[in-house]
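First comes the structure, then the notes that go with it.
Chain A is the first sequence line, chain B the second, and so forth, proteins listed ahead of strands; every chain is numbered from 1.
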Amino acid sequence: MKATLTGIITEALHSVAADGLLQESDITVPFIELTRDRKFGDYATNVAMVLASHINGNPRQFAQALADRILETDNGENIDKVEIAGPGFINITMSGDYWVKAVRRVLTEGSRYADSNTGQGKRVQVEFVSANPTGPLHVGHGRGAAMGDALANVLEAAGFDVQREYYINDAGNQIENLGQSVYARYLELFGNQVDFPEGGYQGDYIKEIADDLKATLGDRHLHKSHDSVVQEISEYASHRILADIKEDLEQFGVRFDRWFSEKSLFDGNEVKQALEEMESRGHIYREDDAVWFRSTRMDDDKDRVVIKADGSLTYFASDVAYHRNKFNRGFERVINIWGADHHGYVDRMKAAVVALGKQKEDLQILLVQFVNLLRHGKPVAMSTRAGEFVTLREVREEVGRDAARFIFLTRKADSKLDFDLDLAKERSNDNPVFYVQYAHARICSIIRNAEQTGISLPEPEDADLAMLVLPEEKELIRHLAALPDVVDGAALALEPHRLTNYLRDISTTLHNYYYHHRVLTDDADLTTARLALVTAVRIAVRKALTLLGVTAPERM
RNA sequence: GCCCUCGUAGCUCAGUCGGAUAGAGCACAGGAUUCCUAAUCCUGGGGCCGCAGGUUCGAAUCCUGCCGGGGGCACCA
């Protein structure tokens with residue numbers, strides 16, 4: 001809806017420029033915001049002040065001239081009133097007709113409401129979770145999963161062509177380490193005394209895998225050579241863990257378009273090709289028997305080794321190959337969601353992307369901060385090393401998928417998150433998930449009651465929406481009209497948490513309205529209008545919840 | 001030591017491209033239900049936006065320095 005206003009103001013600016021008050025070339029897209037205080041009207045723009053340095057005379061005078069043109073341009077169609085305030089704000093009050101159209105649009109567009117073409121079909125890849133298949137997903141991965149999935153949804157709604165990908169680190173030493181760990185536990189099951197590998201995986205799940213190995217294969221592995229056994233067990237264990245990860249993510253409502261294997265990069269010789277490309281572009285040198293990437297040229301702290309002195313490749317080398325592969329697949333933008341512990345990796349990865357001929361901005365890296373789990377108000381101790389951690393599965397089974405996803409998305413990625421397990425389970429207004437879902441269920445309940453008494457949901461054009469004159473109704477409509485901007489903003493800023501804030505706000509407004517006014521009244525026309533309004537609110541709430549990957553229950 | 005990041009109400013946090021009197025939830029205090037779900041609503045107190053400079057008509061927001069929390073600094077994965 002704001003687009004209408006943007007168009008009007010832009011046209012008015014050109015008109016003012018034609019009068020000689022402004023250079024045509026100084027015109028930019030005007031910034032318009034929904035006012036936070038109704039006494040400033042519905043929308044406000046600061047263009048007059050922004051352009052202050054380009055005009056003769058003071059901003060207020062310029063604002064007045066522009067205000068006149070705005071009214072002229074609109075010709076009474078959408079705008080009621082334009083006022084100049086403060087240092088040169090232009091406050092605009094929209095007409096009742098404008099708001100009627102806003103509601104009607106929600107009803108007409110339904111689940112497509114708030115979708116936009118901002119992304120213009122640009123191909124974007126979102127890579128997230130990508131946990132090593134060496135252990136179960138923990139809570140931190142859950143936050144990354146919720147974040148990546150919601151972000152992908154939001155980008156899709158904003159008109160981007162999105163692909164969701166999980167990168168499987170199935171080629172490194174950690175897989176071997178996993179195999180060694182399982183092998184050690186396996187030997188123990190046959191009474192053999194073994195030294196558990198240093199830095200091996202400690203969790204109970206390792207013993208479970210060893211148990212299963214014994215159950216299915218008996219002592220077969222006891223008699224093979226150490227190396228071949230470890231390789232076999234590594235593969236078995238990592239496949240099994242990956243299957244569990246996939247199962248977890250599915251239960252969590254997160255799906256991927258592609259599971260990309262690191263090993264495939266080696267099999268396809270792509271790591272070597274990537275390094276050759278970097279070399280041909282002049283970013284590689286040799287020193288101390290190792291091969292280096294001159295990443296300092298691209299703002300990194302220090303140069304990075306890609307081939308070690310012993311001839312083996314670094315983990316970073318395959319990451320370079322992976323990112324080269326991504327861009328070769330035609331993605332214009334690549335977004336990685338990493339745990340905050342990968343912080344130190346950002347600069348070198350961006351350097352690599354630049355070295356491969358892309359722009360620094362083509363790769364965006366979102367660092368997701370740690371989750372601080374609380375039980376009875378106290379932090380739950382976690383240590384991945386010692387195998388003491390709360391898994392995503394445990395949290396999901398305890399608090400439910402909706403609560404977990406919603407809470408993970410209440411904060412922006414780079415701030416730490418307190419996750420109160422007790423609160424997440426609570427069925428009270430303290431629990432934001434229930435609060436929002438209840439708003440949706442409440443509307444559904446009203447609609448059910450209406451249908452039971454023979455009132456059917458109105459068609460958008462049948463309701464006389466001009467009857468919605470209460471301040472609370474106007475507030476609801478303003479929230480409805482804001483959703484497209486919230487979705488676009490969340491997509492462009494990569495901040496899905498804006499939607500959780502939005503949901504809380506519109507839910508508060510709905511609960512307030514519900515408490516003070518009845519939807520189903522004795523006045524048939526008024527009832528129809530109010531039913532149309534709450535139906536529109538239901539559409540908006542459901543849309544926002546869906547983008548976050550949270551269900552919108554019809555009854556609770 | 002160097003780099004990144006955060007610092008906003010007692011607590012947890014929003015704050016859109018730099019705008020008008022900085023917002024919300026929790027907690028605390030008080031109140032609301034003959035009627036569509038009380039999993040709800042209303043009212044209230046609460047602030048040196050870490051500190052100091054700078055840029056600007058205007059700074060929580062941008063720049064510099066300092067203080068404090070967190071993270072990162074491998075020929076580890």
Residue whose nearest RNA chain B nucleotide is more 5′ - Gly172(A) or Phe370(A):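 Result: Phe370(A).
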Which residue lies more 5' along RNA chain B, comparing Asn132(A) with Ala441(A) via nearest heavy atoms: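 Here Ala441(A) is the residue nearer the 5' end.
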Using atom [atom1] of [X] as one end and atom [atom2] of [N] as the other, report the distance to the nearest whole Å.
X: Asp347(A); N: C73(B); atom1: CG; atom2: P; answer: 12 Å
X: Leu51(A); N: C17(B); atom1: CG; atom2: C1'; answer: 13 Å
X: His342(A); N: C4(B); atom1: NE2; atom2: C1'; answer: 16 Å
X: Leu367(A); N: C4(B); atom1: CG; atom2: C1'; answer: 9 Å
X: His343(A); N: G70(B); atom1: NE2; atom2: C1'; answer: 10 Å
X: His511(A); N: A39(B); atom1: NE2; atom2: C1'; answer: 8 Å
X: Phe31(A); N: A20(B); atom1: CZ; atom2: P; answer: 11 Å
X: Leu520(A); N: C36(B); atom1: CG; atom2: C1'; answer: 5 Å

Looking at every strand, decide which applies to [X] at a 4.0 Å heavy-atom threshold: base, sugar-phosphate, or nothing.
X: Ala450(A); result: nothing
X: Arg518(A); result: base
X: Val29(A); result: base
X: Gly86(A); result: nothing
X: Ala340(A); result: sugar-phosphate
X: His517(A); result: base
X: Asp289(A); result: nothing
X: Pro30(A); result: base

Of the options [options], whose atoms approach the side-chain atoms of [X] most closely?
X: Asn449(A); options: A77(B), C75(B), C36(B); value: C36(B)
X: Ser445(A); options: C36(B), G15(B), A20(B); value: C36(B)
X: Asp414(A); options: U5(B), A77(B), A14(B); value: U5(B)
X: Val519(A); options: C36(B), G70(B), A77(B); value: C36(B)
X: Arg411(A); options: G69(B), A38(B), A14(B); value: A14(B)

Any chance the side chains of [X] and [Y] put a donor and an acceptor closer than 3.5 Å?
X: Thr93(A); Y: Asp42(A); result: no
X: His517(A); Y: Arg530(A); result: no
X: Gln369(A); Y: Ser415(A); result: no

Range-with-range stems for RNA chain B, at least three Watson-Crick or G-U pairs under 3.5 Å: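 Stem segments, range with range: B:1-7 with B:67-73, B:10-13 with B:23-26, B:28-32 with B:40-44, B:50-54 with B:62-66.
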Residues forming a side chain to side chain donor-acceptor pair (under 3.5 Å) with Asn501(A), sequence neighbours excluded: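 For Asn501(A), no residue satisfies side chain to side chain donor-acceptor pair (under 3.5 Å) once neighbours in sequence are set aside.
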Which residues share a side chain to side chain donor-acceptor pair (under 3.5 Å) with Ser264(A), sequence neighbours left out: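 If we apply the side chain to side chain donor-acceptor pair (under 3.5 Å) test to Ser264(A), skipping adjacent residues, there are no hits.
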Pair listing, salt bridge (Lys or Arg N to Asp or Glu O under 4.0 Å) test, anchored in residues 302-320 of chain A, at least two apart: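 Every pair satisfying salt bridge (Lys or Arg N to Asp or Glu O under 4.0 Å) with a residue in residues 302-320 of chain A: Asp300(A)-Arg304(A).
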Distance flag, aromatic centroids of Phe293(A) and Tyr285(A), threshold under 6.0 Å: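 No, the ring centres sit 6.0 Å or more apart.
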Close aromatic pair by centroid cut-off 6.0 Å: Tyr322(A) and Phe260(A):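 Between Tyr322(A) and Phe260(A), the centre distance is under 6.0 Å.
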Using atom [atom1] in both nucleotides, what's the gap between [N] and [M] to the nearest angstrom?
N: G50(B); M: G45(B); atom1: C1'; answer: 25 Å
N: C11(B); M: C28(B); atom1: P; answer: 15 Å
N: G72(B); M: U55(B); atom1: C1'; answer: 32 Å
N: C41(B); M: G46(B); atom1: P; answer: 24 Å
N: G70(B); M: A24(B); atom1: P; answer: 31 Å
N: U16(B); M: A60(B); atom1: C1'; answer: 14 Å
N: A22(B); M: C63(B); atom1: C1'; answer: 22 Å
N: C66(B); M: G10(B); atom1: C1'; answer: 27 Å

Quiz item: cation-pi between Arg504(A) and Tyr435(A), 6.0 Å / 45°: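 So Arg504(A) doesn't make the cation-pi contact.
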Lys NZ or Arg CZ of Arg348(A) over Tyr345(A) ring: under 6.0 Å, within 45°: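 Judged by the rule, Arg348(A) and Tyr345(A) form a cation-pi pair.
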With a cut-off of less than 4.0 Å, is there a side-chain N or O of [X] near OP1 or OP2 of [N]?
X: Ser415(A); N: A14(B); answer: yes
X: His497(A); N: G15(B); answer: yes
X: Arg60(A); N: C57(B); answer: no
X: Tyr514(A); N: C35(B); answer: no
X: Lys302(A); N: C3(B); answer: no

Donor-acceptor pair under 3.5 Å, Tyr515(A) side chain vs A32(B) base: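 Result: at least one qualifying N/O pair found.
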A20(B) base / Asn91(A) side chain donor-acceptor hit below 3.5 Å: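 Indeed there is one.
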Chi-angle category of C17(B) [syn within 90° of 0, anti beyond]: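 Base orientation: syn.
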Stretch residues 308-322 of chain A: residues that reach within less than 4.0 Å of RNA chain B through a heavy atom: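 Nucleic-acid contacts, sorted: Lys308(A), Ala309(A), Tyr315(A).
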Contact list for RNA chain B against residues 499-510 of chain A - heavy-atom distance below 4.0 Å: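 Here the set is Asn501(A), Arg504(A).
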Qualifying residue for salt bridge (charged side-chain N to carboxylate O under 4.0 Å, His left out) with Glu279(A), from Arg294(A), Arg286(A), Lys272(A):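 Output: one option passes, namely Arg286(A).
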Under 5.5 Å and under 30°: Tyr435(A) stacked on A39(B):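 No, Tyr435(A) does not stack on the base of A39(B).
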From CG (Leu155(A)) to CZ (Phe160(A)), nearest 0.5 Å: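 Between atom CG of Leu155(A) and atom CZ of Phe160(A) there are 6.0 Å.
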Nearest-0.5 Å distance that lies between atom CD1 in Ile506(A) and atom CG in Leu480(A):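 Here the rounded value is 5.0 Å.
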More than 12 heavy atoms of other groups within 6.0 Å of Lys425(A) NZ: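 Atom NZ in Lys425(A) is crowded, with more than 12 foreign heavy atoms closer than 6.0 Å.
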Exam field: side chain Trp292(A) to backbone Glu287(A), donor-acceptor pair closer than 3.5 Å: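 Between the backbone of Glu287(A) and the side chain of Trp292(A) there is a qualifying donor-acceptor contact (under 3.5 Å).
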